[in-house]
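Below, chains carry the letters A, B, ... as their sequence lines are ordered, and counting in each starts from 1.
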2 protein chains.
Amino acid sequence: MGASVKQGPEGQGIMDEVGRTGAAQADDAPARAVRIQDVARLAEVSTATVSRALATPERVSVEARARVLEAIARTGYVPNPAARSLRSQKTYMVLVVLPDLSNTFFSKILRGIEETLFEAGYGMIISDLDGSPEKEAHFAAFTAAGRVDGAILLNGHLFGQSRDGKGSAAKLNIPLVALCEAIPDADIPQIEIDNRAAARRMTQHLAQLGHRSIAYVSGPAQNVLERERFRGYRDGLRASALPFDPDLVVSGDYTLESGVRAGEDLLARAKRPTAVFCTSDEMAIGLVRTLSSAGVRVPEDISVAGFDDIEFAAVAQPALTTIHQPRRELGQTAATVLIDLLQGRTTPKRIRLKTDLITRNSVSSPR
Amino acid sequence: MGASVKQGPEGQGIMDEVGRTGAAQADDAPARAVRIQDVARLAEVSTATVSRALATPERVSVEARARVLEAIARTGYVPNPAARSLRSQKTYMVLVVLPDLSNTFFSKILRGIEETLFEAGYGMIISDLDGSPEKEAHFAAFTAAGRVDGAILLNGHLFGQSRDGKGSAAKLNIPLVALCEAIPDADIPQIEIDNRAAARRMTQHLAQLGHRSIAYVSGPAQNVLERERFRGYRDGLRASALPFDPDLVVSGDYTLESGVRAGEDLLARAKRPTAVFCTSDEMAIGLVRTLSSAGVRVPEDISVAGFDDIEFAAVAQPALTTIHQPRRELGQTAATVLIDLLQGRTTPKRIRLKTDLITRNSVSSPR
DNA sequence: CCGCATGATGTAATCGATTACATCCACTTT
DNA sequence: AAAGTGGATGTAATCGATTACATCATGCGG
């Protein structure tokens, strides 16, 4: 494949132009890329036929196609994406927008996305917004400039809409898919888990074990996920005939540190709940740690449940009972839907993947 | 993973399709992108001047430049990357090749890379090799097709060289940078930490606390990092006047599971070491967990040290004493070096970033 | 006052693939 | 036999920005 030694059988100058470069780059071999013309010449057809042989094989005679494929194999031709893109107005690139690339939660999702895109011949560009409006604006422009064919949004809002609901750059004219965090008023496919049902299920699980006082450690107040999970928590209480007690709601923001704070909050109380439902594993881990350091045993004294099932949930001490999100599958699904859109197929407007309740050792019946 | 009892979901459907989205955008305005011509017309200059105003401002009169910028601001013009790329043979895209995107260790590095590339106006394309030679071949072709200007390799080898040392696709003709895992015979800049010095330091640290019997849990045998760290371990022993005992070397592969196995190995021994140096945090966590479950206390009975300082090292019980790798900075540095290369500047051939020894609670003096 | 250097700007070729349109050829239909 | 049909192929316009080269104005030295 790579043995691209020189092959100039015909005497006619294939290279008509003198590739003179101004720069004093005295490198070894410039190794000019194979162009469609070179393939055409070798296969003794026109460039149009080569192009068609690749894009619409059925419109080319069998012999011509064979000769073209042969020539391509011999030369190792790969179409120049810039040229192709310029003409056909497609980039075969997809933008993935997420709030924080270094967050563990996203990496497996990304992998699912990447896999699926790859198989369909698409590349993936990642945009880590990092809470920066400038970055967001840049990527909005980037997208508007036609640099990608579509985008998967993991950040919970459309471009340019971070502050005011009526952002300017909303008219991106390219297919979009929202993943994980639903985007309220956007008319784009949403891929997510059923947060409400999952939270409800965990709450009921705790109630069924006999817990009557179940605390809830929330996510950021405005967050879409948070709202759903909170609803699910209340659903679960209601279904278990338990009263809702606002004092049992501790506010957090999904981070480990906020879990630590929530733990300190609980420790400071005279009357502690027997179970705590944290809406992220990180918070659960931070909370468990704080409780343990204070001599409160988990789950003997207090049961703690998480949400997400990140890698370390299984390794934490005690191993965390939590809600498993099918992260890879979420990514795959979002990518599949986007590709369907890109290729003109119809797609469901909303897909909810199912979650699992994973029971480990951080939850037990109250004493 | 042992303790995970999986429970089936309640009666919710896998796919909950609510409504459908048509593929056709049915848009109001086609919103044809602004071209350089439009800007030129508005600014009453030629397209050449517009182009120059952006690329080489010093070659354009102040007034003309002002008019051009004004026109650009008014129209919201963004150059078409395909066209620019086609003509200038640059893509402003960098490929990042890594073995496993879902591995926690890489995400912060990626973030550092992304940040730096972004600031320099480059985009990032991620290639998760996933151990697949086909994927690797694809990306080699992708790269050869001129789809990216340069690449950062986190996978420890050049394209196409996974098996035989003399890979075919080595002649990529584009700037490359190796990050974290040095690539032995490649003549490209290497960005890494000083694995040997770090391992030595940790070993000496343990010895200074009074440990005489320090076990070593290794990475995969052929791994470059492993070799360096192993050398460092022996350096540390020597510097502390401790003998090297092959029995104290337990083989692992950086995964959590191999840490668990290493733990079982140690538990089975009649005579246990007083300290264990694991060459990854994941292994250390798996090992600690196994020891704890067996009633062996860390650090009272056995001290355990890790390597990497991943997020959960600080949260583990006990919090892990480990070697901190400046991951974000590693990414930033690699990106900076690559950009320097891309822009024709000279770069150091090898950069070693400093590591820190983080002392937490998993290590103490032996009793 | 002429010629030349310098700097600003315009003109048009160019990058490489796609694709609308034209052409050609071998058959079929009337 | 003339006209029509459809499949295969070629020709050349096209996508939008960059940039080599041409042009023009200005200023300076001789």
For B/Arg345 and B/Gln343, what are the C-alpha separation, side-chain angles and deciding distance, and is it a side chain to side chain donor-acceptor pair (under 3.5 Å)? CA-CA 6 Å; B/Arg345 289 186 287 270; B/Gln343 304 186 343; 2.9 Å; yes

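- Computed from coordinates, the A/Lys90 NZ to C/dT19 C1' distance equals 14 Å when rounded to whole Å.
- Between the base of C/dT18 and the side chain of A/Arg84 there is no donor-acceptor pair shorter than 3.5 Å.
- Across the helix from C/dC1-D/dG30 to C/dT30-D/dA1, the helix axis at one end is tilted relative to the axis at the other end by 50° (nearest 10 degrees, each axis from five pairs).
- The listed nucleotides are D/dA17, D/dG10, D/dT19; the one nearest the side chain of B/Pro79 is D/dA17.
- Note: CD1 (B/Ile36) to P (C/dT11) measures 14 Å, nearest angstrom.
- To the nearest angstrom, C1' of C/dG10 lies 15 Å from CZ of B/Arg41.
- Side-chain N or O atoms of B/Gln190 include one that pairs as donor or acceptor with a backbone N or O of B/Ile183 at under 3.5 Å.
- Non-hydrogen atoms lying under 4.0 Å from DNA chain C are contributed by nothing in residues 56-70 of chain A.
- Salt bridge annotation for A/Glu63-A/Arg67: absent, with no cationic side-chain nitrogen under 4.0 angstrom from a carboxylate oxygen.
- Between D/dG10, D/dC15, D/dT19, one nucleotide has an atom nearer to the side chain of B/Arg87 than all others, and that is D/dT19.
- Between D/dT19, D/dG16, C/dA17, one nucleotide has an atom nearer to the side chain of B/Leu86 than all others, and that is D/dG16.
- Atoms CG (B/Asp38) and P (D/dG16) sit 9 Å apart, rounded to a whole Å.
- The backbone N or O of B/Lys90 sits less than 3.5 Å from a side-chain atom of B/Ser85, completing a donor-acceptor pair.
- Mapping B/Ala83 and B/Thr49 onto DNA chain C by nearest heavy atom places B/Thr49 closer to the 5' end of the strand.
- Checked by atom type, the side-chain pair B/Thr91/B/Asp149 shows a donor-acceptor distance below 3.5 Å.
- Distance check: A/Glu44 CD to A/Thr49 OG1 gives 12.5 Å after rounding to the nearest 0.5 Å.
- The nucleotide whose nearest atom lies closest to any side-chain atom of A/Ser46 is, among D/dG16, D/dT11, C/dT18, D/dT11.
- Computed from coordinates, the A/Tyr77 OH to C/dG16 P distance equals 10 Å when rounded to whole Å.
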Collect all protein-nucleotide pairs involving nucleotides 21-25 of chain C in which both atoms are nitrogen or oxygen and the distance is under 3.5 Å.
none

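- With sequence neighbours left out, B/Thr347 forms a side-chain contact (heavy atoms from CB on, under 4.5 Å) with B/Pro189, B/Val337, B/Asp340, B/Leu341.
- What separates CD of B/Gln89 from P of C/dA13 is a distance of 19 Å, to the nearest Å.
- With sequence neighbours excluded, the residues forming a side-chain contact (heavy atoms from CB on, under 4.5 Å) with B/Ala71 are B/Val39, B/Leu42, B/Ala43, listed by chain and number.
- Residues A/Arg328 and A/Thr333 are not in side-chain contact: their nearest non-hydrogen atoms beyond the backbone lie 4.5 Å or more apart.
- Rounded to a whole Å, the CD atom of B/Gln37 is 11 Å from the P atom of C/dT11.
- For B/Glu134, the side chain to side chain donor-acceptor pair (under 3.5 Å) partners are B/Ser132, not counting sequence neighbours.
- Looking at heavy atoms from C-beta onward, A/Leu338 lies in side-chain contact with A/Val94 at the 4.5 angstrom threshold.
- Taking atom CZ of A/Arg35 as the reference point, atom P of C/dT18 lies 14 Å away to the nearest angstrom.
- Under a 4.0 Å N-O distance rule, the pair B/Arg111/A/Asp128 qualifies as a salt bridge.
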